Number of protein chains: 2
Amino acid sequence: MATGPELMKGSSESLLLCLIGQEPMYGYQIIRELEQRSQGYFKFKEGTLYPALHRSEGAGLIMGRWQTRPGGRYRRYYYITEKGRRALAEKLSQWRQFLVAMNLIVPAGCL
Amino acid sequence: MATGPELMKGSSESLLLCLIGQEPMYGYQIIRELEQRSQGYFKFKEGTLYPALHRSEGAGLIMGRWQTRPGGRYRRYYYITEKGRRALAEKLSQWRQFLVAMNLIVPAGCL
DNA sequence: CCTCTATACTTAGACTATCTATGTATAAAC
DNA sequence: GTTTATACATAGATAGTCTAAGTATAGAGG
């Protein structure tokens, strides 16, 4: 990403679940949506996104369905599951706790 | 940490530089300071902290000096360098950009 | 017709920062 | 003298990112 990859670890799954939870999406679309909505900040690589989708599907958080359009290209649309919604709520809660902790340390006297 | 390890990646170095930048500290002290200041959230493991300090020292961001006290225990105090201060400023800027991007995606319609 | 670009998904291998677990060693407390 | 807290170190496992390569179709431009 724009800041180096490390900050993404642990946040990527929340981003994916959040998007898919709003509307079923396919992988390539997610990459573009994340880039557009973040004003160019998030630039997910395919080698990051697709394995992440496979992991989430394996964990039962999302469900993929192949869809072929009349025009022709096949796409795999992902739908969030109930388990995925619960996981998202949990992840967001953890994210907010993490922010609180960071703010307790960082802004204090730190530049 | 309280939320799983992944969220920490990419933020740990900022935390360490931030603390050491306020006051020179030794490793064990940093672990306790981070836990206290975050009200128990951050619980750095030794296997995480010490290698991180060594990396930062190797990168010239901090400088360690052995200090023996009259009472007896040796400690390695770390001092931030000018390069470390610049790196911290850069890291914090990146952290804030990351937060902006996350907020553009997450709170919109996401729970 | 051919080439190039955008779309769309996949995966192997390298890298990196975390964790667990263990080791060494001293001082203080009981 | 055993336990606990302090203090540092490191090997190996794990996990999620990246690079880089591959497959394949559709559409545009020459």
Side-chain angles (χ1 to χ4, degrees), chain A residues 1-17 20 24-36 41-59 61-62 64-78 91 94 98, chain B residues 1-17 20 24-36 41-59 61-62 64-78 91 94 98:
Chain A
M1 296 301 140
T3 55
E6 306 305 340
L7 279 175
M8 294 311 301
K9 300 191 182 183
S11 315
S12 290
E13 196 174 74
S14 299
L15 289 174
L16 302 190
L17 289 176
I20 296 170
M25 287 191 193
Y26 58 96
Y28 201 80
Q29 181 185 13
I30 291 173
I31 290 177
R32 279 185 285 112
E33 284 289 330
L34 283 174
E35 178 158 13
Q36 282 169 25
Y41 183 89
F42 292 124
K43 292 176 191 297
F44 273 71
K45 313 300 178 187
E46 296 171 310
T48 302
L49 181 79
Y50 289 112
L53 289 173
H54 299 164
R55 277 197 304 277
S56 293
E57 186 171 26
L61 309 182
I62 57 179
R65 283 190 210 140
W66 284 107
Q67 241 161 287
T68 39
R69 296 168 299 156
R73 296 287 304 109
Y74 54 92
R75 291 166 172 170
R76 189 157 175 85
Y77 278 86
Y78 286 97
K91 282 266 175 190
Q94 290 178 356
F98 174 62
Chain B
M1 299 299 139
T3 53
E6 305 305 342
L7 278 177
M8 293 311 302
K9 300 193 181 181
S11 315
S12 290
E13 195 174 77
S14 300
L15 290 174
L16 302 190
L17 289 177
I20 295 170
M25 288 191 190
Y26 58 94
Y28 201 79
Q29 181 185 13
I30 292 171
I31 290 178
R32 280 185 286 110
E33 284 290 328
L34 284 174
E35 179 158 13
Q36 284 169 24
Y41 183 88
F42 292 124
K43 293 177 191 295
F44 272 71
K45 313 301 178 187
E46 296 171 310
T48 302
L49 181 79
Y50 289 111
L53 289 173
H54 300 164
R55 276 197 305 276
S56 293
E57 186 172 24
L61 309 182
I62 58 179
R65 282 189 210 139
W66 285 106
Q67 240 162 287
T68 41
R69 295 168 300 154
R73 297 287 303 107
Y74 55 91
R75 291 165 171 170
R76 190 160 174 82
Y77 277 87
Y78 286 97
K91 283 264 177 193
Q94 290 177 356
F98 174 62

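Just so it is clear, the model here is predicted, and its values are computed rather than measured. Chain letters run A, B, ... following the sequence lines, proteins first, then strands; residues in each count from 1.
Residue A/Y50 has no polar side-chain atom (N or O) positioned under 4.0 Å from OP1 or OP2 of C/dT10. In this structure, B/Y28 does not reach the D/dC8 phosphate: none of its side-chain N or O atoms is under 4.0 Å from OP1 or OP2. The phosphate of C/dA8 has OP1 or OP2 within less than 4.0 Å of a side-chain N or O from A/Y26. Taking only side-chain nitrogens and oxygens, B/R76 never comes nearer than 4.0 Å to OP1 or OP2 of D/dC8. Checking the phosphate oxygens (OP1, OP2) of D/dT17, a side-chain nitrogen or oxygen of A/S12 falls inside 4.0 Å.
Within 4.0 Å (heavy atoms only), A/G27 reaches sugar-phosphate atoms of the nucleic acid but no base atom. Counting any heavy atom pair closer than 4.0 Å across all strands shown, B/E46 reaches a base atom.
Between the CD1 atom of B/I30 and the C1' atom of D/dA9 there is a distance of 15 Å, given to the nearest Å. If you take CE of B/M25 and P of D/dT6, they are 15 Å apart, rounded to a whole angstrom. Atom NZ in A/K45 sits about 21 Å away from atom P in C/dA12, given to the nearest Å. The distance between atom CZ of B/R75 and atom P of C/dA25, rounded to the nearest whole Å, is 20 Å. The distance from atom CH2 of A/W66 to atom P of D/dT25 is 13 Å, rounded to the nearest whole Å. The OH atom of B/Y78 sits 9 Å away from the C1' atom of D/dC8 (whole-angstrom rounding). In this structure, A/L49 atom CG and C/dT10 atom P are separated by 10 Å, rounded to whole Å. Counting to the nearest Å, the C1' atom of C/dT7 and the CD atom of A/Q67 are 16 Å from each other.
Relative ring orientation between A/Y41 and B/F98 is described as tilted, the plane-to-plane angle lying within the 30° to 60° band.
Partner of A/L16 under the side chain to side chain contact (heavy atoms under 4.5 Å, CB included) criterion, chosen from A/I62, A/I30, A/L61: A/I30.
Here the side chain of A/S56 pairs a donor or acceptor atom with the backbone of A/A52 at under 3.5 angstrom. Side chain of B/R76 to backbone of B/G64: a donor-acceptor contact under 3.5 angstrom is found. In terms of modelled atom types and a separation under 3.5 Å, the side chain of B/Q29 and the main chain of B/Y26 share a donor-acceptor contact.
Once rounded to the nearest 0.5 Å, the distance linking CD of B/E33 with CZ of B/F44 reads 13.0 Å. Separating the CG atom in B/L49 from the CG atom in B/L34 is a distance of 8.0 Å, to the nearest 0.5 Å.
Residues of residues 51-58 of chain B that place a heavy atom closer than 4.0 Å to DNA chain D, in numerical order, are B/P51, B/H54.
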